[in-house]
Asker: 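Below is the structure I would like to discuss, written out as structure tokens.
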Amino acid sequence: MHMKPSSVANPLYYLHNFHQLLDWVADRYADLLSHEEQHFITTFARLEEPSQALLVRLIMRKGPHFRADKLAYTEIGDIKGAAAPLIAMNWLQNDAQLDSNTLFSLLSRNELINLAHSAGHPPHARKAELQPWLQRQFPDGCGWAALGLETEVYSLALGALCDRLRLLFFGNLSQTWAEFVLVDQGIFRYPNIPIDRHSRGFHSRAAIDDYLAIHHSSDALEAGISALDVLAQLQPLHSDSTWLAQRHARLRFRLARQLEREGARQEAWDIYTTCNYPGSRLRRIRMLEQQADWSAAWALCQQPGSTATDDAEQQLIARAQVRLAGKLGLARPQPEITAETRTSSLTLPVVDTCVELAVSTHLHSPLSPVHFVENSLFNGLFGLLCWEALYAPMPGAFFHPFQSAPADLYQPDFVTRRQHLFEQCMARLNDGSYLTCIRQNRQQLQGLQSPFLDWRILRADLLESALHCLPAGHLQAIFQRMLADLRNNRSGFPDLIQLFPDKARYRLIEVKGPGDRLQDNQRRWLTFAAEHKIPVEVCHVCWESA
DNA sequence: ATCACCCTCG
DNA sequence: TTCACACATTCAA
DNA sequence: GAATGTGTGTCTCGAGGGTGATGT
Ligand SMILES: [Mn+2]
Ligand SMILES: [Mn+2]
């Protein structure tokens with residue numbers, strides 16, 4: 001099925017887009033829809049066009065409460081007439097119970113002053129000062145009508161249902177209805193991957209419910225709800241997707257972190273012991289350390305890792321072992337191998353830009369240009385070289401037209417599932433064909449959304465210069481490390497790259513201002529660079545005293 | 001009058 | 001409404 | 001030095017309007 005762009009200048013373009021989404025969902029996910037959702041889809045299509053349009057307008061807005069007198073859409077015309085069928089369906093309510101905060105935000109400051117004036121409030125109060133009065137006069141549960149104003153308020157009752165439809169279509173809740181029009185206008189451009197008719201983001205209703213539950217708990221945690229409360233309502237998974245298992249594990253890990261902060265140590269510990277997420281073991285080691293139970297902590301360090309882990313956790317565990325060996329009077333395992341990295345220092349006049357730019361301009365010369373690229377350059381080179389593998393139409397990887405990345409990008413088996421394709425891409429570094437591959441892909445993919453491609457950095461001249469100065473062997477080593485852990489090894493690259501085109505050489509520079517220190521992921525890249533003879537140095541900056 | 005912020009829209 | 005990075009505070013000797 | 005927490009700037013387009021808080 002193709003997404004037909006809404007015809008140019010169609011005043012009901014958004015309705016057209018909404019129909020596209022409903023058709024897509026009905027076509028592919030019919031077996032996962034509840035009766036209520038089925039009913040919505042079929043009944044919606046039978047409404048008069050103005051009513052459909054009004055409903056979609058409201059669905060796309062923040063809401064969920066709207067003052068009728070603020071709604072004006074020329075392509076719809078009579079709002080009251082369009083709303084009537086929606087109210088009859090109970091999709092809109094005009095008599096919802098509203099809490100006082102909602103009333104407060106629906107009223108303008110002037111209206112509030114007029115209401116409060118008769119009650120003897122000064123006419124120059126700030127809006128917030130009238131909130132307590134409103135709360136007393138119109139407590140939670142009042143209808144809008146109680147205020148005695150002319151206009152009605154419509155409350156959209158379809159929020160949860162529409163979230164589900166959006167989730168089914170996009171496979172996430174972060175993309176919105178606006179995607180369609182933004183793509184129509186070319187503001188967003190997504191990779192054009194053939195999508196199998198049977199490709200789906202979800203395969204069971206239980207998985208949808210799990211996603212929504214995780215999302216809900218995650219929101220609650222972000223909002224500062226007590227971690228014990230969040231824990232109490234968190235359920236085990238009802239589906240068996242590894243994708244959701246990972247999201248679930250990540251939520252539980254963050255929840256346990258928050259439990260620690262709130263002093264619920266036992267609950268946190270229990271989560272960590274059953275949470276297969278990188279960092280869980282380290283947290284338990286830290287907890288034991290805090291209790292001065294050094295032998296238990298030591299034992300946990302030694303215990304072979306059957307659980308998920310990553311380089312960051314291994315690095316922290318190694319440090320813990322050094323500390324613990326000291327406490328226990330054991331031989332130090334092996335001091336952390338801090339690679340020999342060149343360092344330099346600079347004293348610069350104070351500038352109003354960031355340190356990185358200051359060093360960049362200081363070192364810059366026409367024959368040895370410096371670029372502030374951080375992760376963008378190597379991510380970009382990698383993305384362009386390995387595009388065919390990253391965006392191969394593997395089963396389940398792409399299931400709607402607005403994906404900037406394959407759905408399983410951060411699954412542990414992402415690379416192995418595409419092993420052969422990645423080998424083909426990487427082999428291009430051995431026969432020189434990587435040059436044309438990267439050049440061509442840059443030209444053809446220009447502007448596409450991708451987590452690897454930052455088009456502000458990837459200009460043709462920088463790319464050419466970089467390809468000229470960076471030996472293929474270095475790229476190969478770097479890309480291999482990225483492939484080993486696409487999530488973690490995509491960051492931590494040095495701030496600057498200086499190119500010496502006439503010598504076909506380059507150097508990477510990590511800038512450190514006063515009081516800034518190397519982060520762990522930066523240190524891991526530095527260590528790796530030293531092992532592979534990749535030229536990199538750390539440049540410490542002090543400010544000239546005025 | 002001016003500014004900052006949020007929301008809407010295509 | 002994330003993510004990577006910089007910056008600040010506290011603790012242990 | 002290490003661990004941990006907090007800010008900060010990229011922020012998903014950019015124009016345009018409404019709103020409320022300032023200041024003169
Ligand atoms: Mn940096
Ligand atoms: Mn830096």
Side-chain angles (χ1 to χ4, degrees), chain A residues 5-6 8-17 56-58 60-63 66-67 70-75 104-113 124-130 172-190 215 218-219 222-223 250 254 257-258 260-261 279 282-283 285-287 289-290 292 312 315-316 318-320 322-323 326-327 335-336 338 353-356 372 374-376 379 402 404 410 447 449-451 454-457 487-495 510-523 541:
Chain A
S6 63
V8 183
N10 171 5
L12 292 174
Y13 72 92
Y14 55 90
L15 179 55
H16 176 265
N17 292 337
V56 174
R57 281 291 196 194
L58 300 187
M60 296 201 308
R61 289 179 52 170
K62 193 175 176 209
F66 306 91
R67 293 173 53 144
K70 303 281 181 191
L71 299 176
Y73 296 106
T74 55
E75 79 282 6
F104 180 75
S105 51
L106 285 170
L107 290 165
S108 77
R109 174 171 170 269
N110 279 337
E111 290 168 324
L112 207 45
I113 285 174
H124 292 299
R126 283 186 310 191
K127 194 184 179 192
E129 292 167 353
L130 295 170
N172 65 67
L173 286 176
S174 51
Q175 287 178 282
T176 68
W177 314 97
E179 295 281 335
F180 286 81
V181 67
L182 293 176
V183 167
D184 278 353
Q185 294 183 351
I187 293 169
F188 289 171
R189 291 180 52 227
Y190 289 100
H215 188 260
S218 195
D219 272 356
E222 293 281 325
R250 187 158 65 115
R254 291 211 314 253
R257 251 356 284 271
Q258 189 57 32
E260 273 191 88
R261 281 187 275 263
L282 176 83
R283 290 316 309 163
I285 292 167
R286 292 291 298 133
M287 289 181 78
E289 239 183 319
Q290 282 157 16
Q315 189 177 11
L316 290 165
R319 282 210 279 263
V322 174
R323 285 194 303 271
K327 297 286 186 189
E336 189 171 353
T338 308
T353 62
C354 56
V355 205
E356 292 87 348
F372 184 11
E374 248 169 17
N375 305 319
S376 304
N379 282 337
F402 308 124
S404 59
Y410 298 125
Q449 297 282 140
S450 163
D454 179 347
W455 294 107
R456 292 166 306 181
I457 296 292
R487 160 157 284 177
N488 290 308
N489 294 347
R490 239 176 49 191
S491 56
F493 289 98
D495 297 313
E510 171 55 38
V511 177
K512 286 297 164 197
D516 182 17
R517 281 188 290 190
L518 287 174
Q519 298 164 55
D520 283 350
N521 59 351
Q522 295 174 332
R523 293 166 52 145
V541 177

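The chains referred to below are lettered A, B, ... by the order of the sequence lines, with proteins before strands, and numbering in each begins at 1.
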Asker: Polar-atom pairs under 3.5 Å, protein N or O versus N or O of nucleotides 16-19 of chain D: list them with distances, or write none.
Answerer:
{"from": "dT19(D)", "atom 1": "OP1", "to": "K70(A)", "atom 2": "NZ", "distance (Å)": "3.0"}

Asker: Nearest whole Å is fine: how far is dA4(C) C1' from N379(A) CG?
Answerer: 11 Å
Asker: Check the phosphate of dA6(C) against Q519(A), side-chain N and O only, distance under 4.0 Å to OP1 or OP2. Yes or no?
Answerer: yes
Asker: Between the main-chain N or O of R126(A) and the side-chain N or O of E129(A), is there a donor-acceptor pair closer than 3.5 Å?
Answerer: yes
Asker: Any chance you could list the contact pattern along nucleotides 7-13 of chain C? Use B for base contacts, S for sugar-phosphate-only contacts and - for none, protein heavy atoms under 4.0 Å, 5' to 3'.
Answerer: S-----S
Asker: Would you kindly compare K62(A) and P11(A) by the position of their nearest DNA chain B nucleotide and give the one closer to the 5′ end?
Answerer: K62(A)
Asker: What about F180(A) and F402(A), are their ring centers closer than 6.0 Å?
Answerer: yes
Asker: Without decimals, in angstroms, what is the distance between I187(A) CD1 and dC11(D) P?
Answerer: 15 Å
Asker: If the sugar-phosphate is the primed atoms plus P, OP1 and OP2 and the base is the rest, what is the B/S/- string for nucleotides 4-10 of chain D, using protein heavy atoms under 4.0 Å?
Answerer: SS----S
Asker: Quick one: label E356(A) by what it contacts on the DNA or RNA (base, sugar-phosphate, nothing), any heavy atom closer than 4.0 Å.
Answerer: sugar-phosphate
Asker: Would you mind classifying the nucleic acid contact of Y73(A) as base, sugar-phosphate or nothing, using non-hydrogen atoms under 4.0 angstrom?
Answerer: sugar-phosphate
Asker: Are any of the side-chain heavy atoms of V56(A) and H16(A) separated by less than 4.5 Å?
Answerer: no
Asker: Going by heavy atoms in the side chains, are N375(A) and R490(A) under 4.5 Å from each other?
Answerer: no
Asker: Please give the distance between the P atoms of dC11(D) and dC3(B) as a whole number of Å.
Answerer: 24 Å
Asker: Do N110(A) and S108(A) pair up side chain to side chain, a donor and an acceptor below 3.5 Å, judged on atom types alone?
Answerer: no
Asker: Could you check whether Q175(A) gets within reach of a base, just the sugar-phosphate, or nothing at all, counting any heavy atom under 4.0 Å?
Answerer: nothing
Asker: Using atom P of each nucleotide, how far apart are dT1(C) and dC7(B) to the nearest Å?
Answerer: 16 Å
Asker: How close do K512(A) and R517(A) get, heavy atom to heavy atom, and via which atoms?
Answerer: NZ-O, 3.4 Å
Asker: Closest to the N375(A) side chain: dA2(D), dA21(D), dC5(C)?
Answerer: dC5(C)
Asker: Write down the distance between CZ (R487(A)) and C1' (dT2(C)), rounded to a whole number of angstrom.
Answerer: 11 Å
Asker: Mind checking if E510(A) touches a base, just sugar-phosphate, or nothing, with heavy atoms under 4.0 Å?
Answerer: sugar-phosphate
Asker: Picking from dT22(D), dA6(C), dA2(D), which would you name as closest to the side chain of E374(A)?
Answerer: dA6(C)
Asker: For E356(A), what residues pass the salt bridge (Lys or Arg N to Asp or Glu O under 4.0 Å) criterion, not counting sequence neighbours?
Answerer: none
Asker: Kindly say if N110(A) contacts the phosphate of dG20(D), meaning a side-chain N or O under 4.0 Å from OP1 or OP2.
Answerer: no
Asker: Between atom CZ in R490(A) and atom C1' in dC5(C), what is the gap in whole Å?
Answerer: 15 Å
Asker: Can you see which heavy atom on S491(A) is nearest to which on N521(A), and at what distance?
Answerer: OG-ND2, 3.5 Å
Asker: Tell me: CG of N488(A) to P of dC5(C), nearest whole Å?
Answerer: 11 Å
Asker: Can you measure L130(A) atom CG to dG20(D) atom P for me and round it to whole angstrom units?
Answerer: 11 Å
Asker: Using a 4.0 Å cut-off to any heavy atom of chain A, which nucleotides of DNA chain B are the first and last in contact, reading 5' to 3'?
Answerer: dC7(B) to dG10(B)
Asker: For residues E75(A) and Y14(A), is any side-chain donor paired with an opposing acceptor at under 3.5 Å?
Answerer: yes
Asker: Provide the distance between the two C1' atoms, one in dG9(D) and one in dT8(B), to the nearest whole Å.
Answerer: 25 Å
Asker: To the nearest angstrom, how far is N172(A) atom CG from dT1(C) atom C1'?
Answerer: 13 Å
Asker: Using the P atom in both, what is the distance from dT10(D) to dC5(B), to the nearest Å?
Answerer: 16 Å
Asker: By side chain to side chain contact (heavy atoms under 4.5 Å, CB included), which residues pair with I187(A), not counting sequence neighbours?
Answerer: L182(A), Q185(A)
Asker: Under the side chain to side chain contact (heavy atoms under 4.5 Å, CB included) test, which residues partner I457(A), sequence neighbours left out?
Answerer: V373(A), S376(A), D454(A), L462(A)
Asker: Residues in side chain to side chain donor-acceptor pair (under 3.5 Å) with D184(A), at least two apart?
Answerer: S6(A)
Asker: Taking all heavy atoms of P451(A) and all of S404(A), pick out the closest pair and write down the distance.
Answerer: CD-O, 3.3 Å
Asker: Which value, in whole Å, describes the distance between the P atoms of nucleotides dG5(D) and dG10(B)?
Answerer: 45 Å
Asker: Please list, chain by chain and in numerical order, all residues satisfying side chain to side chain contact (heavy atoms under 4.5 Å, CB included) with R61(A), sequence neighbours excluded.
Answerer: F66(A), L71(A), Y73(A)
Asker: Taking any heavy-atom pair under 4.0 Å as a contact, classify D495(A): base, sugar-phosphate, or nothing.
Answerer: sugar-phosphate
Asker: Mind listing the closest non-hydrogen atom pair of V355(A) and G513(A) along with its distance?
Answerer: CG1-CA, 4.2 Å
Asker: Within this structure, what is the CG-to-P distance between D520(A) and dA2(D), rounded to whole angstrom?
Answerer: 9 Å
Asker: If the condition is side chain to side chain contact (heavy atoms under 4.5 Å, CB included), which residues does E374(A) pass it with, not counting sequence neighbours?
Answerer: F372(A), D495(A)
Asker: Determine which bases of DNA chain D form Watson-Crick or G-U wobble pairs with both distances under 3.5 Å, and write the result as a 5' to 3' dot-bracket string with | for other-strand partners.
Answerer: |||||||||...||||||||||..
Asker: Side-chain contact test, heavy atoms from C-beta onward, threshold under 4.5 Å: evaluate it for E179(A) versus Y190(A) and give yes or no.
Answerer: yes
Asker: Nearest to the F188(A) side chain among dA6(C), dC13(D), dA2(D), which nucleotide is it?
Answerer: dC13(D)
Asker: What's the shortest heavy-atom distance between R189(A) and G447(A), and which atoms?
Answerer: NH1-CA, 3.8 Å
Asker: I'd like to check the salt bridge (Lys or Arg N to Asp or Glu O under 4.0 Å) partners of E289(A); sequence neighbours left out, ordered by chain and number.
Answerer: R286(A), R323(A)
Asker: Counting only side-chain nitrogens and oxygens, does Q522(A) get under 4.0 Å of the OP1 or OP2 atom of dA6(C)?
Answerer: yes
Asker: Write down the distance separating the P atoms in dA3(D) and dT2(C), rounded off to the nearest Å.
Answerer: 26 Å
